[in-house]
Amino acid sequence: MCRKAEIAEKVSVAGYNVTETLCVGKDPDGNAVECEFKGSCPYFRQLSERREGPGLLIGAHAYLPIRMEMLAEKRLDLVVIDETWWQSMVRHTSSPIDRFTAKRQPGWNSRQYGPRKGESAQANQHRFLDDADEFDRVQLKATTAIRAAYDARRNVTLADFRAAGLTTGDCGFAAGVEYSRLGRAELHPGQDHATQHEAVQRAVDREAFTLARTWRCIGAELATQRTGPLMSLRFEYDRLNRKTGTLENLLRLDYSVEGLFQTVPLLMIDADADPMLIERFYPNATFNQVAARWTGTRVRQVTDRTGSKLAFKEKSNRDRVRGIALDLVDQLAPHIEAIRRRNRLKERSATLDPRPLVVCQMQVEDAWKEEGHAIEYDGGPRVPDAPFRVAHFGNVRGKDDWRHTTAAIIVGRNEPSAPELERVTRALFYKSEEEVPEIEANDRGRIVLPKRAVTMTAKDGSKATVQVSYHPDERADRVLRQIREAEISQAIARVRPVHRTEDDPCEVLILTNVPGRIQPDTFATWAQLVPDRFRTMELAGFVPDLAPDCADAYPTLFDSPAAVRQAASRRNAAAKCDASYESSFYRGCHTFEGSIRVEYRREGNRRGRQGTVALRPGDTPETVAQRVREALPDAYAVVLLGALPDPLEAAQVALDAAIELDAYIEEVEAEGGVIWWRVPAATVSLHGERNVVRPVARPLLDPDPGRVSAF
DNA sequence: GTTTTGGCAATGTAGCCATC
DNA sequence: GATGGCTACATTGCCAAAAC
């Protein structure tokens, strides 16, 4: 990227040769001079490399509208444009109305009024004076139309300008006069960045660029058959000027610049390409669809939450999203751990990082930072403790850091307001014959996008009807979808689904009901995804068996022991049998996958109480006991029920225990005894088929199951 | 050393209320 | 109407002291 890109574009727009003005040229005295950054300029490096033969030039989208010698079309065989570039072509600027109507003269010092071949000094001066007179006449026409509309507090229309006699030709002439006031000798490559910036800034101060652009926009719209308000030009009344602290009435310009490379073969690669938007810049484009197969990527989408910006201003909703993410991280933990072991030597590489990616609105990312969560965000330092990585909408395009992530969670969506959407659409299509209709304010005076019902179908055949906002104008609606839906597909594309295999799977969770281009495998509801309070305790790592202990350990989740009981009762009502099996099974086995049973006592009650603690890598009896005491500071005499295996071996131990228990039950039943519950078959099969040579000799219901004290 | 008993922690259900 | 949060109330069951 050029270090003077913003100067380069202005210079280019003014019709100057960018290379001669900024890169390599002559100063006013005719001395050869060059840009201070030329030595480190990737542009020039690419240029010199290319001179040696066929080559490849790489530049940012910002170059698309800039005329540069190196990018002259005759020098190029093929231009390739990647991803959504059209947004970099939209511009907005504004200037005080009275600056546009103020009396001004052409710039005598500009190259426009330099002596021409065979032109006498007198003829030269006449040409200047004639232009000054002509500019006065043109300006008067425009000012008449603008003043009338301004006094009536309405937007100026094309009919107003036509009635005043203004033509497209007038506007082109006036734009040239504005540029003449830039001055010629003020810019040359020998100046340092600051001096050039100042020179351009002086021109900006003189509003030459803005005023010239204003004429160009008016001229372009006058060339249409429309008669209504201008699409590119609006009055803004009583806007605060932050620099001066005064209120101003402004002419606001929304327009788009034109893409170069119209005569050279051009290939655009864009998964979300919209033909109408591309044809706006490249009318002769043809479109080819390339089908891509995804394997190993499972997509789930919620159908009952939109995920607006407003919704995530609520901390409770941000917490719920965090809960969903942590839940998914927990479910994927064995997979993540296996990848980490495999990549142990390369774990510093961001690309190989298996931790899930959460893509959210910027405000959510900022709030999490502020709330002090361990968070690793895109562009920030590595935070190994963070359970997942975070990036925000608008900042994920083209990035490749999440190619091997195990999951992506897309949180909410970015939707522009109706007026903003209309501004962008008008900017894109200001030269077209059709106006962009504007949405009227509702009863409360708010301008909001209407909604319509859209039915989505998942790959599993299930259907969901959701309310989705849209714009009645097709162009605006396409722009809306480019901003909203395309950003979601871009976020999903970060996990590189096309390059995945069954061995490198990825779970994608879309937490918005906006239907995108990507068909989900299945739908989910918000309630299904948000962990309930018991799951939240599990994710926190310690689940006491007793309700009062739950309430004490998690005061933010439960107000009282009764609340725990009630919640448990309701939860069990939904899956009564499972809960009984599970709790019995927990109690029967000393260890379960990734967790261990603990017993402890609390002040004021000598009775032993139990709970389950999630194991972390490297855990010892002391660290487990410490976590119990962190949750319940008055807990003492914490013991672990059973030995503490490596968490990764815990599953094996649990399987042994389950098989052992099953054998015991069969034995009891063979002797005519009755046991009212069985180990659920799913628990045994969960860990896969495994040959067990013989059950462990130790009786399962050993009254002294080898307790390990933490003290 | 064994059994009984009182106290109370823990549990489940019913029902009310607020919110979505 | 569904859901989630709470309290009241009756019942269950555990622990430890008391009684045998």
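FYI, side chains are in, hydrogens and waters are out, and symmetry mates aren't considered; it's all heavy atoms of this structure. In what follows, every chain begins at residue 1, and chains take the letters A, B, ... in the order their sequences are listed.
For the pair A/Tyr554 OH and C/dG5 C1', the interatomic distance rounds to 20 Å; values are reported in whole Å. Counting to the nearest Å, the C1' atom of C/dC15 and the CZ atom of A/Arg601 are 10 Å from each other. Distance CG (A/Asp549) to P (B/dA10): 7 Å, rounded to an integer number of Å.
The side chain to side chain donor-acceptor pair (under 3.5 Å) test applied to A/His92 returns A/Arg252, not counting sequence neighbours.
No side-chain N or O of A/Thr303 forms a donor-acceptor pair with one of A/Asn513 less than 3.5 Å apart.
Within the structure, the salt bridge (Lys or Arg N to Asp or Glu O under 4.0 Å) test picks out the following pairs touching residues 461-473 of chain A (sequence neighbours left out): A/Asp473-A/Arg475.
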